[in-house]
Amino acid sequence: MEEVKGVVKHIVMVKFKDETTPEKIEQLIKGYANLVNLIPPMKAFHWGKDVSAENLHQGFTHVFESTFESTQGVAEYVAHPAHVDFANLFLPYSDKIIIFDYKPTIVRC
């Protein structure tokens with residue numbers, strides 16, 4: 001197995017509160033996506049909704065993936081004023097959140 005050099009993934013899984021409208025969720029997603037334009041260590045952003053047939057999502061409906069070049073980049077992102085301001089807007093609409101950072105690893109068979 002080989003760790004991919006220069007890549008750290010920051011995963012956020014969210015269950016929005018029931019009263020959060022689809023329009024508000026869309027607005028929050030656009031705000032989240034815009035952070036890549038405001039925070040230099042953030043290199044890429046992707047998101048999606050649960051489509052699993054296994055029904056093991058435990059209520060989590062959305063996943064957000066940001067890419068960084070290092071754990072230091074993630075730390076800079078977390079402390080950046082644009083992230084702090086966005087988190088203060090995002091969190092009140094969230095019922096549950098899981099955040100997981102990892103360095104991708106390639107498995108060669």
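Every heavy atom of this structure was used, including side-chain atoms; hydrogens, water molecules and symmetry mates were not.
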Open item on the list: For Asp95, give me all partners under salt bridge (Lys or Arg N to Asp or Glu O under 4.0 Å), at least two apart in sequence or on another chain.
Closed with: Lys15

TODO: Check whether any side-chain heavy atom of Phe90 sits under 4.5 Å from a side-chain heavy atom of Val14, and report yes or no.
DONE: yes

Task: Any donor-acceptor N or O pair under 3.5 Å, side chains His57, Asn55 - done: yes

TODO: Would you confirm whether the ring centroid of Phe60 sits within less than 6.0 angstrom of the ring centroid of Phe16?
DONE: no

TODO: Over 60° means perpendicular and under 30° means parallel, so classify the ring planes of Phe64 and His62, tilted if in between.
DONE: parallel

- [ ] List the atom of Ala87, the atom of Pro92, and the distance in Å for their closest heavy-atom pair.
- [x] O-CD, 4.3 Å

Task: Verify same cluster id: Leu91, Phe100 (apolar side-chain graph, 4.5 Å) - done: no

Open item on the list: Any non-hydrogen side-chain atom of Tyr93 less than 4.5 Å from a side-chain atom of Lys17?
Closed with: no

TODO: Pick out which of Val7, Val8, Ile11 makes a side-chain contact (heavy atoms from CB on, under 4.5 Å) with Tyr102.
DONE: Ile11

Task: From CA spacing to verdict: side-chain contact (heavy atoms from CB on, under 4.5 Å), His10, Phe68 - done: CA-CA 8 Å; His10 176 74; Phe68 298 85; 3.7 Å; yes

Task: Euclidean distance, Ser66 OG relative to His83 NE2, rounded to 0.5 Å - done: 8.0 Å

Open item on the list: How long is the straight-line distance from OG of Ser94 back to CE of Met13, given to the nearest 0.5 Å?
Closed with: 13.0 Å

Open item on the list: In this structure, would Leu89 and Val84 fall into the same cluster of hydrophobic residues linked by side-chain contacts under 4.5 Å?
Closed with: no

Open item on the list: According to a hydrophobic-cluster definition based on side-chain heavy atoms being under 4.5 Å apart (Ile, Leu, Val, Met, Phe, Trp, Tyr only), do Ile98 and Phe45 belong together?
Closed with: no

Open item on the list: Do Val63 and Ile25 land in one hydrophobic cluster if side-chain heavy atoms of ILVMFWY residues count as linked below 4.5 Å?
Closed with: no

TODO: With the side chain counted from C-beta on, respond yes when Asp50 and Thr61 share a heavy-atom pair under 4.5 Å apart, and no when they do not.
DONE: no

Open item on the list: Would you say that Arg108 contacts Met1 through its side chain, given a criterion of any heavy-atom pair below 4.5 Å between the two side chains?
Closed with: no

Open item on the list: Restricting to side-chain hydrogen bond (donor to acceptor under 3.5 Å, both in side chains), what partner residues turn up for Lys24, sequence neighbours left out?
Closed with: Gln27

Open item on the list: Looking at every non-hydrogen atom in both residues, tell me the closest pair between Glu65 and Lys9 and how far apart they are.
Closed with: OE1-NZ, 3.6 Å

Task: Minimum heavy-atom distance between Glu54 and Ser52, given as atom pair plus value - done: N-OG, 3.0 Å

Report, one line per pair, each donor and acceptor closer than 3.5 Å where one atom sits in a side chain of residues 30-41; sequence neighbours left out.
from: Lys30; atom 1: NZ; to: Glu26; atom 2: OE2; distance (Å): 3.2
from: Asn34; atom 1: OD1; to: Asn37; atom 2: ND2; distance (Å): 3.0

